[in-house]
*Asks:* 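Mind having a look at this structure? Questions to follow.
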Amino acid sequence: MDRPLVRGGEFSDVDAHDTNALIAYLDLATDLSSHDKRESYRAQGIGPNMHVLDVGCGTGDDVRAMAALVGPGGSVAGIDPSSAMIEEARRRGVPSNARFEQGAAASLAFEDGAFDACRAERVFQHLHDPAAAACELYRVSKAGGSVLLIDQDWETLTIAGGRPDITRRVVHAYAERLASGSAGSEHRRWLRRAGFTSISTHAIAAMPNLTTAFSQFLNAGIDYALEAAAIETNDAHEWLLSLLQAEAAGEFTCAVTAFFSLARR
Ligand SMILES: C[S@@+](CC[C@H](N)C(=O)[O-])C[C@H]1O[C@@H](n2cnc3c(N)ncnc32)[C@H](O)[C@@H]1O
């Protein structure tokens with residue numbers, strides 16, 4: 001297997017890394033989650049004339065999709081701290097009722113109560129101060145407005161096929177190196193303390209095959225575990241070989257839990 005360059009922790013500071021590789025990573029993730037994305041717009045009730053904010057919009061696919069749903073009487077703003085992501089989002093197309101701006105979740109450049117709906121997908125796991133970001137989402141939401149957070153809890157990653165003790169060390173090293181690697185399990189605490197009510201959370205397990213798991217997080221998990229001296233190089237080789245053998249035998253199993261939390265202001 002080729003070793004892709006992307007490591008999940010790099011999304012906390014996209015512009016300091018290989019931005020083309022991070023954009024390619026996002027495109028694969030978007031392909032894999034297109035059904036869940038459409039469901040999430042429906043669950044949040046995104047519709048005509050709404051004013052919507054997408055925090056950590058990346059390449060802007062959700063902004064463009066939601067711009068079509070809110071129509072000419074609504075608007076969608078996408079913000080992201082990465083100039084490379086904002087440039088790419090603009091290059092892919094800016095609908096007349098949408099805009100892309102550089103900005104960070106913990107200090108949003110919007111008025112109080114500006115939005116009917118706010119969304120942050122796979123963003124809180126990359127934030128160093130997620131509680132402050134939740135407070136900002138509360139501030140910019142209208143009374144009765146909604147917020148949707150989507151994140152994995154990377155400590156929930158299960159992998160069958162390699163030595164279990166190495167698996168747990170790789171999983172823990174990956175979760176530890178993200179700014180907020182257990183974000184999905186912490187949504188409710190951040191949202192409730194920010195003031196949101198009617199918080200409902202549901203969880204879905206994604207089950208990637210070995211190739212996808214390797215390119216999306218296992219390669220990074222191995223690197224992080226090696227860097228943390230949680231495993232040795234020969235452990236990594238032996239573990240990966242076991243996973244390849246398990247995949248070839250049809251025994252490889254991998255699942256990670258993603259949490260979808262919808263709340264009201
Ligand atoms: C995994 S990507 C998800 C992108 C998009 N939401 C999606 O679902 O495709 C995480 C995004 O969060 C952005 N991000 C990182 N730190 C941020 C911060 N402090 N505030 C807002 N966004 C941030 C990154 O630049 C990146 O575009």
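Counting convention: from 1, in listed order, for ligands and their atoms alike.
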*Asks:* Between the side chain of Asp80 and the main-chain N/O of Gly58, is any donor-acceptor distance below 3.5 Å?
*Replies:* yes
*Asks:* How far is atom 24 (C) of ligand 1 from the closest protein heavy atom, and which atom is that?
*Replies:* Phe11 O, 3.5 Å
*Asks:* Provide, to 0.1 Å, the distance between atom 22 (N) of ligand 1 and the closest protein heavy atom, together with that atom's residue and name.
*Replies:* Pro81 CD, 3.2 Å
*Asks:* May I ask you to check whether over 12 heavy atoms, not counting those of Glu39, lie within 6.0 Å of atom CD?
*Replies:* yes
*Asks:* Establish, for the pair Arg265 and Tyr138, whether the NZ or CZ atom is under 6.0 angstrom from the six-membered ring centre and no further than 45 degrees off its axis.
*Replies:* yes
*Asks:* Quick one: do Arg122 and Asp151 make a salt bridge, cutoff under 4.0 Å?
*Replies:* no
*Asks:* What atoms of ligand 1 come closer than 4.0 angstrom to any heavy atom of Ala104?
*Replies:* 20 (N)
*Asks:* Using 30° and 60° as the class boundaries, would you call the ring planes of His187 and Phe259 parallel, tilted or perpendicular?
*Replies:* perpendicular
*Asks:* Return the orientation label for the Phe110 and Phe115 ring planes: parallel under 30°, perpendicular over 60°, tilted otherwise.
*Replies:* perpendicular
*Asks:* Output yes when the distance from some N or O of ligand 1 to some N or O of Arg122 is under 3.5 Å, and no in every other case.
*Replies:* yes
*Asks:* I'd like to know if Glu101 pairs up with Arg90 as an ion pair, taking the criterion as any Lys NZ or Arg NE/NH1/NH2 lying under 4.0 Å from an Asp or Glu carboxylate oxygen.
*Replies:* yes
*Asks:* Taking only Lys NZ, Arg NE, NH1 and NH2, and the carboxylate oxygens of Asp or Glu, determine whether Arg92 and Asp27 approach each other closer than 4.0 Å.
*Replies:* yes
*Asks:* I'd like to check whether Ala105 has a polar contact with ligand 1, where a contact means an N/O of the residue lying under 3.5 Å from an N/O of the ligand.
*Replies:* yes
*Asks:* For Gly56, is at least one N or O under 3.5 Å away from an N or O on ligand 1?
*Replies:* yes
*Asks:* Are any of the N or O atoms of Asp54 closer than 3.5 Å to those of ligand 1?
*Replies:* no
*Asks:* I'd like to check which ligand 1 atoms, numbered from 1 as shown, lie under 4.0 Å from a non-hydrogen atom of Lys37.
*Replies:* 7 (C), 8 (O), 9 (O)
*Asks:* In the protein, which heavy atom is nearest to atom 12 (O) of ligand 1, and how far is it?
*Replies:* Val123 CG2, 3.8 Å
*Asks:* Which residue and atom name correspond to the protein heavy atom nearest atom 2 (S) of ligand 1, and how close is it?
*Replies:* Leu26 CD2, 3.5 Å
*Asks:* Looking at non-hydrogen atoms alone, which of Asp80, Asp61, Ile86, Leu127 comes nearest to atom 27 (O) of ligand 1?
*Replies:* Asp80
*Asks:* Taking only heavy atoms of Val14, which atoms of ligand 1 are found under 4.0 Å from at least one of them?
*Replies:* 24 (C), 25 (O)
*Asks:* Select the closest option to atom 3 (C) of ligand 1 among Glu121, Glu10, Arg119, judged by heavy-atom distance.
*Replies:* Glu121
*Asks:* Identify, by atom number and element, the atoms of ligand 1 in contact range of Asp62, meaning under 4.0 Å from any of its heavy atoms.
*Replies:* 8 (O)
*Asks:* Do Tyr224 side-chain atoms and Gly9 backbone N/O form a donor-acceptor pair below 3.5 Å?
*Replies:* yes
